[in-house]
Visitor: 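Sharing a structure below in structure tokens format, with a few things to ask.
Keep in mind it's a predicted model, so treat the numbers as computed, not measured. Every number for a ligand or one of its atoms is a count from 1 in the order of the listing.
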Amino acid sequence: MMTEGEVAVLDYGSQYSQLIVRRVREIGFVSHLYAPERLAELKNPGAIILSGGPRSTSEKDAPDVDFEKLLAFGVPVLGVCYGMQLLNIKHGGSVKPGTTREYGPARLHNTTSVLFADVSEESQVWMSHSDTVQDLSASTKVIATNQHNVPVALQWSDACYGIQFHPEVTHSHEGTKILKNFLSLAGDTLAPFNIASFKDQLVESIRREVNGREVLCGVSGGVDSTVLAVLLHKAGVKTRCLFVDNGLLRKNERAEVEAQFKEVGVPIEVVDASKTFLDALKGVTDPEAKRKIIGNLFLDVFFGAADHIELMAQGTLYPDVIESATSGSQASVIKTHHNRVNRALELKAEGRVIEPLAEFFKDEVRALGAVLGIPHYALWRHPFPGPGLAVRLPGEITEERLNTCREADAIFMDELKKSGWYEKTWQAYAALLPVKTVGVKGDERSYEAAVSLRAVISEDAMTADWVELPHSVLRATSNRILNSVKGVNRVLYDISTKPPASIEWE
Ligand code: XMP
């Protein structure tokens with residue numbers, strides 16, 4: 001019997017490369033990302049996809065492909081964007097360097113290939129490129145054009161194709177179908193992907209990488225660090241899980257996190273630094289100053305408690321990797337703002353940071369968490385920022401204001417959960433505004449604070465839209481807050497998209 005092969009994706013640097021891998025896994029096959037230079041190392045690919053990339057094939061040192069080797073595998077090949085242009089050159093065609101970038105939707109026309117089986121005429125696809133194919137070799141077939149009759153998909157042989165658009169992004173409405181059609185060219189030679197066996201491989205690779213050393217793992221109770229801690233535990237790795245209480249947590253959060261880890265059977269150490277944080281924040285109102293204080297203190301407290309470190313594990317996900325690569329920020333290294341010497345960066349430079357989840361997207365991490373036996377509520381917890389309620393409390397941070405914010409937030413969460421809207425929103429919270437508003441209480445005028453509720457949907461936190469919550473949910477929340485939270489006489493609902501607003505207040 002023939003061994004089944006993986007779908008190898010050669011990474012030419014597009015921010016969507018890992019998304020191709022993820023789509024292939026969604027379709028149901030094993031897939032991994034490789035640097036193009038590693039083509040020769042591939043053991044048994046069942047299909048190969050060349051990704052897009054930011055470079056131009058006309059640049060002198062543009063990333064290349066060992067074409068002979070690529071064809072020698074005798075498996076289906078698909079070039080996406082840069083990948084298509086590269087393959088066109090290799091087949092004897094040419095590419096015209098562009099001066100402006102075409103970015104946005106296009107419509108597929110004149111589709112004449114198995115690649116587009118069951119794909120609708122005029123299907124929307126997503127473009128992001130500046131170079132375009134120019135000359136085509138005599139044997140090249142144009143298998144799709146855009147609405148202006150420009151070739152956007154090419155076929156060079158029975159098993160070698162190129163597409164100018166990005167099938168992996170959701171803006172390409174039938175992109176997954178197109179990828180599926182391409183993979184069907186491999187017949188039954190592709191290895192099926194299954195999350196349970198994948199988890200076993202991951203546990204095995206963690207065990208190998210850790211190789212008997214002790215691992216330090218910061219936990220927050222959030223999805224990523226919880227899945228990471230449970231993975232390390234399942235791998236039998238000696239782990240120290242540290243949870244820092246910075247005094248900026250939500251109502252009952254510390255107890256809930258402790259209970260959550262008890263339930264999954266992973267011991268954690270709680271470092272109570274709330275007084276240190278609140279003392280340092282006294283009188284501070286500038287948002288950047290608050291973030292700096294919190295970031296620096298977090299590093300002090302975390303690494304102060306950790307002392308001797310052999311290895312550190314971080315729950316970096318693929319979108320964090322992308323964010324740090326594209327913005328130059330160190331989003332993946334302890335997600336916090338700081339200007340102290342960051343021990344995490346030093347450890348990373350020394351090769352002592354492991355990031356076992358760095359290939360994954362959030363929903364894949366949730367699926368992994370489910371096969372690890374992590375309870376549903378823990379996997380569907382909303383994201384919560386490292387600086388905690390500080391970014392939801394414009395103005396001075398005091399114990400009293402924190403408690404007001406906590407009470408209002410807890411009511412909002414309760415109403416969202418009761419109505420089934422918690423899991424339909426990506427993130428939601430109550431912020432306490434630094435203004436006093438006039439109201440009436442009994443026969444007297446009151447002068448109290450305003451609370452702003454925010455509920456958003458988002459895919460990656462880069463953009464977000466506010467959720468059209470039913471009026472009944474908003475009304476129930478507002479009534480309860482106004483009736484029971486001391487010091488609040490006004491409740492607002494935030495209807496700002498990101499951009500231009502951000503998700504948090506500060
Ligand atoms: P913004 O407010 O920038 O938030 O639209 C985007 C996402 O990031 C979270 N966030 C943070 N997370 N440290 C974090 O760990 C931070 O300083 C921070 N600031 C914002 C925010 O909750 C949202 O999910």
Side-chain angles (χ1 to χ4, degrees), residues 217-226 228 242-250 253 257 277 280-281 284 286-299 301-302 314-324 326-327 329-340 342 344-345 355 357 361-363 365-366 380-394 397 405-406 409 412-413 416 422-433 452-467 494-506:
C217 179
V219 293
S220 65
V223 181
D224 313 341
S225 59
T226 303
L228 178 63
L242 285 189
F243 173 76
V244 175
D245 179 351
N246 59 8
L248 301 162
L249 303 175
R250 289 165 292 189
E253 184 155 16
V257 171
F277 278 84
L281 287 166
V284 182
D286 176 65
E288 266 317 296
K290 283 185 196 169
R291 276 173 181 278
K292 249 185 209 149
I293 291 170
I294 296 167
N296 286 336
L297 266 180
F298 178 82
L299 293 175
V301 170
F302 184 80
Q314 295 209 129
T316 316
L317 304 196
Y318 187 67
D320 304 324
V321 177
I322 281 298
E323 192 196 327
S324 62
T326 53
S327 67
S329 82
Q330 281 292 342
S332 57
V333 180
I334 292 210
K335 301 175 189 171
T336 168
H337 296 249
H338 53 81
N339 61 1
R340 280 272 210 294
N342 188 337
L345 290 176
E355 296 175 315
L357 303 177
F361 292 82
K362 196 73 153 198
D363 54 345
V365 171
R366 288 200 172 110
W380 287 91
R381 211 169 174 263
H382 284 176
F384 186 60
L389 296 180
V391 294
R392 299 175 178 177
L393 217 60
I397 296 170
C405 186
R406 282 184 183 122
D409 184 73
F412 189 27
M413 292 310 110
L416 287 176
Y422 183 83
E423 286 185 19
K424 288 191 253 176
T425 57
W426 195 80
Q427 194 169 13
Y429 66 86
L432 182 70
L433 306 188
S452 171
L453 307 176
R454 183 138 169 81
V456 296
I457 41 167
S458 173
E459 263 186 49
D460 49 12
M462 303 295 280
T463 61
D465 197 4
W466 58 278
V467 179
D494 190 336
I495 52 168
S496 322
T497 54
K498 172 182 179 175
S502 54
I503 293 179
E504 304 292 352
W505 267 76
E506 290 203 326

Visitor: Keeping Arg454 on the side-chain end and Ile503 on the backbone end, is there a donor-acceptor pair under 3.5 Å?
Guide: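 Yes; judged by distance alone, with no hydrogens or angles, the pair exists.
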Visitor: Does the residue Met462 have a heavy-atom contact with ligand 1, meaning some pair of atoms that are separated by less than 4.0 Å?
Guide: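 No; Met462 lies far enough from ligand 1 that no heavy-atom distance drops under 4.0 Å.
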Visitor: CH2 of Trp505: more than 12 outside heavy atoms within 6.0 angstrom?
Guide: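 Counting neighbours around CH2 of Trp505, 12 or fewer heavy atoms of other residues, nucleotides or ligands fall under 6.0 Å, so no.
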Visitor: Below the 3.5 angstrom mark, is there an N/O of Arg392, backbone or side chain, next to an N/O of ligand 1?
Guide: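 Between Arg392 and ligand 1 (N or O atoms, distance only) the closest approach is not under 3.5 Å.
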Visitor: Should the ring pair His382 and Tyr422 be called parallel, tilted or perpendicular, given that the plane angle runs from 0 to 90° and is split at 30 and 60?
Guide: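 Aromatic pair His382/Tyr422 classed parallel.
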Visitor: Which is closest to atom 1 (P) of ligand 1 by heavy-atom distance: Val456, Thr463, Ile503, Val391?
Guide: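 Considering heavy atoms of Val456, Thr463, Ile503, Val391, the nearest to atom 1 (P) of ligand 1 sits in Ile503.
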Visitor: Using a heavy-atom cut-off of under 4.0 Å, does the side chain or the backbone of Trp426 touch ligand 1, or both, or neither?
Guide: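 Trp426 to ligand 1: side-chain contact only, backbone stays beyond 4.0 Å.
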Visitor: Listed by chain and number, what are the side chain to side chain donor-acceptor pair (under 3.5 Å) partners of Ser452, not counting sequence neighbours?
Guide: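 Testing Ser452 for side chain to side chain donor-acceptor pair (under 3.5 Å), a comparison that skips the adjacent residues, returns none.
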Visitor: Of the choices Glu506, Arg291, Gln427, which has the non-hydrogen atom that lies closest to atom 23 (C) of ligand 1?
Guide: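 Nearest option to atom 23 (C) of ligand 1, by heavy atoms: Gln427.
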Visitor: Answer yes or no: are there more than 12 heavy-atom neighbours, outside Glu459 itself, under 6.0 Å from its atom CD?
Guide: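 No, CD of Glu459 has 12 or fewer neighbouring heavy atoms, counting only those of other groups under 6.0 Å.
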Visitor: Just jot down the ligand 1 atoms closer than 4.0 angstrom to any heavy atom of Lys498, in number order.
Guide: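 Here the atoms of ligand 1 in question are 1 (P), 3 (O), 5 (O), 6 (C).
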Visitor: For Gly386, take its heavy atoms, then give the atoms of ligand 1 lying under 4.0 Å from any of them.
Guide: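 Once the distances to Gly386 are compared, the set is 12 (N), 13 (N), 14 (C), 15 (O).
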Visitor: Go through the structure and list residues passing side chain to side chain donor-acceptor pair (under 3.5 Å) with Asp245, not counting sequence neighbours.
Guide: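 Checked Asp245 against side chain to side chain donor-acceptor pair (under 3.5 Å); matches are Arg254.
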Visitor: Looking only at distances, can you tell me whether any N or O atom of Phe384, backbone or side chain, sits closer than 3.5 Å to an N or O atom of ligand 1?
Guide: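 So ligand 1 has no N or O lying under 3.5 Å from an N or O of Phe384.
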